[in-house]
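Since the model is a prediction, treat every value here as computed from it, not as a measurement. The residues of the chain are indexed from 1 along the displayed sequence.
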Amino acid sequence: MLFELDRLGALSDAVKRGLRVLKSFSITPRTDGMPTFEISIDPELGRADSGDLGRDIGDLIVAVGEAARDRGRGLLISIDEIQYLNELELGALISAVHRTTQLTLPVVLVGAGLPQIAALAGEAKSYSERLFNFPRVDSLDDPEAREAIERPAVDAGVRFDRAALDEIVRLTHGYPYFLQEWAYHVWNHATRSPITLADIRNVEAPVLEQLDNNFFKVRFDRLTPTEKRYLRAMASLGSGSHRSGEIAERYGAKVESVAPMRSGLIRKGMIFSPQHGETAFTVPLFDEFMMRVMP
């Protein structure tokens, strides 16, 4: 980002200072075979060199924000799967953005991830709910799911029967990735327009195999044997959210004894708490997968 700002004109004091702060920042970038780079400038002593991540990342982002302001630009930091940052890392990032807000610097943080983001941010820094918005981007509703399947097909001169659309929406629960998989497989299978309900039924087995092997199993393989049994007990209660006590009872233990395991599953992104005392899978159809993989 600083190099991009540097290219916008003569090296300004703010950009030069940003580069010096980056030089001070005491983290060595992983190159993984990529070309290495050097900053041929003296470090900014006393900024981003304490070894305290919370303080140093703040110094660095403030310096980059100041350089962006000097160039009449804005700085956007976007992070996917943000729930995988640990509490120290997430807290450092939130503190840094808080400092840029106090200094009215043109810095924006956009993080995407699973529903527990708001709770994790609150645990990392109590003031995060005042600093950020937490909009929920959920499965598509019925009209949106139909449009996502139908519009690209119409553009290519192909129609879906209403019954075929009904079935895809029902099977996918409107979850975008599942819509992609079903539409992809049925498109390759169907030989003529309109695509029918029979076409949908004919690709059900390969779609489920694809989802099981490439989507659900990746998550399943990260689980311990006891976590698998807990999620299997939860799956047996059906779709939707369930009371934590009800899951513990089906698992065969007291709520208190399985609470640490439930917390660990939330950290792994397998489940979340839509409201106090309730538990749900983070993606739809995982309950059905658990019933298939652990009959």
Side-chain angles (χ1 to χ4, degrees), residues 76-85 90 94 108-124 128-153 160 162 164-186 200 204 207-208 210-212 214-220 222-223 231 234-235 237-244 246-247 262-292:
L76 169 66
I77 303 169
S78 58
I79 303 178
D80 196 13
E81 304 288 7
I82 198 169
Q83 75 275 359
Y84 289 126
L85 294 181
L90 184 57
I94 292 170
V108 175
L109 170 67
V110 177
L114 294 174
Q116 63 265 35
I117 290 175
L120 293 174
E123 290 168 6
S128 62
E129 71 278 2
R130 302 192 302 274
L131 193 60
F132 299 103
N133 293 323
F134 295 93
R136 179 157 181 160
V137 182
D138 212 329
S139 293
L140 302 181
D141 61 25
D142 191 283
E144 291 171 335
R146 290 172 189 276
E147 184 180 3
I149 303 164
E150 202 168 20
R151 183 185 286 186
F160 279 82
R162 182 179 179 83
L165 280 175
D166 289 344
E167 185 68 357
I168 293 183
V169 173
R170 183 188 72 80
L171 289 166
T172 60
H173 296 235
Y175 194 71
Y177 175 64
F178 299 161
L179 288 168
Q180 285 180 306
E181 284 293 347
W182 277 96
Y184 169 81
H185 280 84
V186 77
I200 308 301
E204 185 165 359
V207 171
L208 288 178
Q210 175 81 3
L211 291 177
D212 284 359
N214 294 350
F215 185 79
F216 294 125
K217 192 172 184 298
V218 173
R219 289 157 172 76
F220 182 78
R222 294 170 53 217
L223 302 171
L231 293 185
M234 180 175 162
L237 296 171
S239 59
S241 63
H242 303 283
R243 290 186 299 104
S244 301
E246 191 179 14
I247 301 167
R262 178 178 179 270
S263 298
L265 287 166
I266 290 174
R267 283 194 298 274
K268 286 184 177 182
M270 304 303 302
I271 57 177
F272 74 107
S273 180
Q275 57 187 12
H276 182 68
E278 294 280 322
T279 306
F281 287 109
T282 53
V283 294
L285 305 183
F286 199 83
D287 55 325
E288 295 178 18
F289 167 76
M290 290 300 301
M291 302 291 278
R292 288 195 298 274

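Within the structure, every pair that satisfies the salt bridge (charged side-chain N to carboxylate O under 4.0 Å, His left out) test and touches residues 128-141, not counting sequence neighbours, is listed here: Arg136-Asp138.
When all heavy atoms of Ile82 and Gly111 are compared, the closest pair comes out as CD1-CA, 4.0 Å. Scanning both residues, Arg262 and Thr279, for their nearest heavy atoms gives NE-OG1, 2.8 Å. Minimum heavy-atom separation, Ser139 to His173: CB-O, 3.4 Å. Between Trp182 and Ile200 the shortest heavy-atom distance is CZ3-O, 3.6 Å. Among all heavy-atom pairs drawn from Leu140 and Ala148, the shortest one is CD1-CB, 4.1 Å. Between Ala235 and Met290, the closest heavy-atom pair is CB-CB, 3.7 Å.
Rounding to the nearest 0.5 Å gives a distance of 9.5 Å between OG1 of Thr172 and CD of Glu167. One finds the CD atom of Glu181 at 13.5 Å from the CG atom of Leu171 (value rounded to the nearest 0.5 Å). Atoms CD1 and CD, on Ile117 and Glu81 in that order, are 8.5 Å from each other to the nearest 0.5 Å. Atom CD1 of Ile168 and atom CG of Leu179 lie 7.5 Å apart (nearest 0.5 Å). Taken from CG in Leu237 to CG in Asp287, the straight-line distance is 10.0 Å, to the nearest 0.5 Å.
With hydrogens and angles disregarded, a donor-acceptor distance shorter than 3.5 Å links the side chain of Ser128 to the backbone of Ala121. In this structure, the side chain of Ser273 engages the main chain of Glu278 through a donor-acceptor pair within 3.5 Å. The closest donor-acceptor contact from the side chain of Arg222 to the backbone of Val218 lies at 3.5 Å or more, if one exists at all.
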Give the intermediate values and the outcome of side chain to side chain contact (heavy atoms under 4.5 Å, CB included) for residues Leu208 and Arg292.
CA-CA 10 Å; Leu208 288 178; Arg292 288 195 298 274; 4.1 Å; yes

For Val186 and Phe160: C-alpha separation, side-chain torsions, deciding distance, then whether side chain to side chain contact (heavy atoms under 4.5 Å, CB included) applies.
CA-CA 10 Å; Val186 77; Phe160 279 82; 3.9 Å; yes

After noting the C-alpha distance and the side-chain angles of Leu231 and Ile271, does the key distance pass the side chain to side chain contact (heavy atoms under 4.5 Å, CB included) rule?
CA-CA 9 Å; Leu231 293 185; Ile271 57 177; 3.8 Å; yes

Hey, mind stepping through Leu211 and Phe178 against side chain to side chain contact (heavy atoms under 4.5 Å, CB included) and telling me if it holds?
CA-CA 8 Å; Leu211 291 177; Phe178 299 161; 3.8 Å; yes

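Between Phe220 and Phe281, the distance separating the two ring centers is not shorter than 6.0 angstrom.
Side chains of Ser263 and Arg267 form a contact here, defined as non-hydrogen atoms less than 4.5 Å apart.
Classified by interplanar angle (parallel below 30°, tilted 30° to 60°, perpendicular above 60°), the ring pair Phe134/Phe132 is perpendicular.
A salt bridge is absent between Glu150 and Arg146; no separation between the charged side-chain nitrogens and carboxylate oxygens falls under 4.0 Å.
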